[in-house]
Amino acid sequence: MPELPEVETVRRGLELVIVGKKIKDIQVYYPKIIRSPQDTEQFKFLLIGQVIQSIGRRGKYLLFHLTDDTLVSHLRMEGKYIYTENPNEPYDKHTHVIFSFTDGSQLRYRDVRKFGTMDVVKRDGETELEGIKKLGQEPIDPEFNLERFKKQVKQRMAPIKQILLNQEIISGLGNIYVDDSLALSKIHPLRSGKSLTDDEIANLIMSMKQVLEKAIEKGGSTIRSFESFYGRGSMQDHLIVYGRTGKPCIVCGTPIEKIRVAGRGTHFCPHCQKAAKE
DNA sequence: CACGAGTCCTGCAGGC
DNA sequence: TGCCTGCAGGACTCGT
């Protein structure tokens, strides 16, 4: 499940190999991946001939900045990009879109769950795209506005886990890094936003940055099937609570518990992360 | 307005 | 071996 660190890893990898390449042809095997334009032929017509100028990221969205347009790609659960210099290399049934470049190389989009999406917008027009325009602050932004975040958290009764998963409040976090950020800051996932103190929220943001930056450094987590096209990340070996149900907490040894919060599997240490006393 | 449930998808684990 | 069920979940839609 690619989150900010995984998407950033993919972005960096793509930047190294496809910037400067010109799209010669596109094959679409599963049209539902393409949200806009709805017509697949139109999608191809728009993009063929354009050159990839840079690769950006906003939250969990990848941005391919082309000559005239920007291709916005969301990997959702299992989307991934595979780069190959050999166009004859076989592709499997989970490969849904293939971009062929004029130099013979290809970029292939593979997505077992078929949840991923692609949208074409006018160059740099992604800020107007539904889903991106309402995105909250980036936790690793050097200019992160802590006061604004505190206010947003403290006005909500919802559990902090749910607040952190809301991309309109803070963007880029998914289930894995929310659980780990809460564990590092010793906050119980069910604590209401309103119950958190200023110090706890400041500490939470620091923990979040620490977790995300370490994950980027490790090339992301390889959970289930995520892998960047140039290798597998190793952050999964450094996770504190996610996926460690029943295993000892690395701080106190208490077995990690798993509950459901906001419909999602939620991992925490019942000793280190105390529930609200209210 | 806010919240919960359902939806999209497939692979895999567990039960028998 | 193989069938069946349930689970995984990001973002969106729909209903209360």
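The sequence lines fix the lettering, A, B, ..., with proteins before strands; numbering per chain opens at 1.
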**Prompt:** Considering only heavy atoms and no angle criterion, is a donor-acceptor pair shorter than 3.5 Å present between the side chain of R113(A) and the base of dA8(C)?
**Reply:** yes
**Message:** Using a 4.0 Å heavy-atom cut-off, does K134(A) contact any base of the nucleic acid, only the sugar-phosphate backbone, or nothing at all?
**Reply:** nothing
**Request:** Give one of base, sugar-phosphate or nothing for G131(A), where a contact means two heavy atoms less than 4.0 Å apart.
**Result:** sugar-phosphate
**Request:** Would you mind telling me which of dG11(B), dG9(C), dC3(B) lies closest to the side-chain atoms of V112(A)?
**Result:** dG11(B)
**Item:** Which nucleotide in dG10(C), dC8(B), dC3(B) has an atom nearest any side-chain atom of K32(A)
**Value:** dC8(B)
**Residue from I201(A), L196(A), L190(A), V261(A) passing side chain to side chain contact (heavy atoms under 4.5 Å, CB included) with I160(A)** = L196(A)
Can a side chain N or O of [X] be found less than 4.0 Å away from OP1 or OP2 on [N]?
{"X": "Y61(A)", "N": "dG10(C)", "value": "no"}
{"X": "K258(A)", "N": "dA8(C)", "value": "yes"}
{"X": "Y30(A)", "N": "dC8(B)", "value": "no"}
{"X": "K60(A)", "N": "dG10(C)", "value": "no"}
{"X": "K93(A)", "N": "dG11(B)", "value": "yes"}
{"X": "R264(A)", "N": "dG10(C)", "value": "yes"}
{"X": "Q167(A)", "N": "dG10(C)", "value": "no"}
{"X": "Q162(A)", "N": "dA2(B)", "value": "no"}
{"X": "R260(A)", "N": "dA8(C)", "value": "yes"}

To the nearest angstrom, how far is [X] atom [atom1] from [N] atom [atom2]?
{"X": "E3(A)", "N": "dA11(C)", "atom1": "CD", "atom2": "C1'", "answer": "14 Å"}
{"X": "H96(A)", "N": "dC9(B)", "atom1": "NE2", "atom2": "P", "answer": "10 Å"}
{"X": "L129(A)", "N": "dG10(C)", "atom1": "CG", "atom2": "C1'", "answer": "15 Å"}

**Request:** Check the angle between the aromatic planes of Y61(A) and H74(A) and answer parallel, tilted or perpendicular using the 30° and 60° thresholds.
**Result:** perpendicular
**Request:** On the 0 to 90° scale, with breaks at 30° and 60°, tag the Y81(A)-F64(A) ring pair as parallel, tilted or perpendicular.
**Result:** perpendicular
**Fill in**
The answer to which of R76(A) and H94(A) contacts DNA chain B further toward the 5' end, by nearest nucleotide, is R76(A)
**Request:** Measure from the ring centre of F115(A) to the centre of the six-membered ring in the base of dA11(C), then say whether that distance is under 5.5 Å and the planes meet at under 30°.
**Result:** no
**Asked** Can S36(A) and D119(A) be counted as having a side-chain donor-acceptor contact under 3.5 angstrom?
**Response** yes
**Prompt:** Do side-chain atoms of E257(A) reach the backbone of G246(A) as a donor and acceptor pair under 3.5 angstrom?
**Reply:** no
